[in-house]
Amino acid sequence: RIYVVESGGGSVQAGGSLRLSCTVSGFTYSDYCMGWFRQAPGKEREAVAAIYTDGGTTYYADSVKGRFTISQANAKNTHYLQMNSLKPEDTAMYYCAANWGGRGYCPFAGYDYQDWGQGTQVTVSS
């Protein structure tokens, strides 16, 4: 069974930083996409960032470019989302998800991701 586990959420004031972590286990794929998504109350889920493990190509939503950085640990089954210059509009539940398609690129649609974590809450106060 595949497990996806997020950690690192919390509350911070605007302008602050948080780092989210995501660990995936129970898989045998050599390359895949790890994506971060978020959903605020009353809003649709949106993609935030993604990384392709083979080569480390990264993808970002326009709303977070220059502020968020996605990266992976050497073991490649742990990924991070460093969030700087946080804004109140970044407040949401953040989810980590894996896409096993092996396409060579990362899709940005949630329905393309097969395994999801439980989510971690990020709250940014003004």
Side-chain angles (χ1 to χ4, degrees):
R1 180 177 175 180
I2 294 171
Y3 293 91
V4 181
V5 180
E6 308 99 335
S7 62
S11 297
V12 66
Q13 289 191 328
S17 298
L18 284 172
R19 189 176 82 158
L20 307 182
S21 299
C22 175
T23 299
V24 188
S25 60
F27 67 100
T28 59
Y29 300 93
S30 60
D31 59 279
Y32 62 98
C33 287
M34 182 58 65
W36 283 97
F37 297 79
R38 67 186 181 187
Q39 187 166 21
K43 295 188 177 181
E44 292 186 355
R45 181 179 61 195
E46 63 173 340
V48 175
I51 186 167
Y52 196 76
T53 59
D54 185 14
T57 302
T58 57
Y59 307 79
Y60 296 96
D62 288 342
S63 59
V64 306
K65 280 181 182 176
R67 300 188 299 122
F68 291 12
T69 303
I70 189 171
S71 61
Q72 60 185 3
N74 288 337
K76 294 188 179 180
N77 70 326
T78 299
H79 304 81
Y80 306 103
L81 185 68
Q82 178 66 42
M83 305 185 295
N84 298 329
S85 301
L86 283 162
K87 305 175 181 180
E89 51 263 44
D90 294 318
T91 295
M93 184 71 77
Y94 283 69
Y95 299 91
C96 183
N99 164 272
W100 310 109
R103 309 176 187 186
Y105 69 93
C106 287
F108 235 40
Y111 56 73
D112 282 322
Y113 287 73
Q114 291 82 26
D115 290 284
W116 292 76
Q118 295 298 310
T120 185
Q121 178 67 38
V122 171
T123 302
V124 184
S125 58
S126 57

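Values below: every heavy atom of this structure, side chains too, minus hydrogens, waters and symmetry copies. Heads up: numbering here begins at 1 and tracks the sequence.
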When you measure from the side chain of Glu6 to the backbone of Gln118, do you find a donor-acceptor pair of N or O atoms at a distance under 3.5 Å?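 It does hold such a pair.
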Spatial distance of atom [atom1] ([X]) from atom [atom2] ([Y]) [nearest 0.5 Å]:
X      : Y      : atom1 : atom2 : value
Ser126 : Glu89  : OG    : CD    : 10.0 Å
Ser7   : Leu20  : OG    : CG    : 8.0 Å
Met93  : Thr120 : CE    : OG1   : 7.5 Å
Lys87  : Ser85  : NZ    : OG    : 8.0 Å

Can you check whether Met83 reaches Asp90 side chain to side chain, under 4.5 Å on heavy atoms?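 A side-chain contact is absent here, since even the closest heavy-atom pair is not under 4.5 Å.
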Within one Ile-Leu-Val-Met-Phe-Trp-Tyr cluster: Ile70 and Phe37, side-chain cutoff 4.5 Å: no
Joint cluster assignment, Phe108 & Val64, ILVMFWY side-chain distance < 4.5 Å: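 No.
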Applying side-chain hydrogen bond (donor to acceptor under 3.5 Å, both in side chains), name anything that partners Ser25, two or more places apart in sequence or on another chain.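 Testing Ser25 for side-chain hydrogen bond (donor to acceptor under 3.5 Å, both in side chains), a comparison that skips the adjacent residues, returns none.
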Please determine whether side chain to side chain contact (heavy atoms under 4.5 Å, CB included) holds for the pair Thr91 and Gln121, giving the CA-CA distance in whole Å, both sets of side-chain angles, and the decisive distance to 0.1 Å. CA-CA 8 Å; Thr91 295; Gln121 178 67 38; 4.0 Å; yes
For the student: nearest non-hydrogen atoms of Trp36 and Ser21, plus distance: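 Trp36 and Ser21 have their closest heavy atoms at CH2-O, 3.6 Å.
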With sequence neighbours left out, which residue pairs that include part of residues 40-51 fulfil the side chain to side chain donor-acceptor pair (under 3.5 Å) condition?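 Matches after skipping sequence neighbours: Arg38-Glu46.
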Inter- and intrachain pairs under side chain to side chain donor-acceptor pair (under 3.5 Å), touching residues 48-61, at least two apart: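 Qualifying pairs, neighbours excluded: Asp31-Tyr52.
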Could you go through residues 99-107 and list every donor-acceptor pair under 3.5 Å that involves a side-chain atom there, pairing it with any protein atom two or more places apart or in another chain?
from   : atom 1 : to     : atom 2 : distance (Å)
Asn99  : OD1    : Gly101 : N      : 3.1
Asn99  : ND2    : Asp112 : O      : 2.6
Trp100 : NE1    : Asp115 : OD2    : 2.7
Arg103 : NH1    : Tyr105 : OH     : 3.3
Arg103 : NH2    : Asp112 : OD1    : 3.3

Tell me which pairs pass ring-ring contact (aromatic ring centres under 6.0 Å, His included) where either residue lies in residues 67-96, with sequence neighbours left out.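 Non-adjacent pairs meeting ring-ring contact (aromatic ring centres under 6.0 Å, His included): Tyr32-His79.
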Mind jotting down which residue pairs meet the disulfide bond (SG atoms under 2.5 Å apart) criterion with at least one end in residues 59-100? Sequence neighbours excluded, please.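 Every pair satisfying disulfide bond (SG atoms under 2.5 Å apart) with a residue in residues 59-100: Cys22-Cys96.
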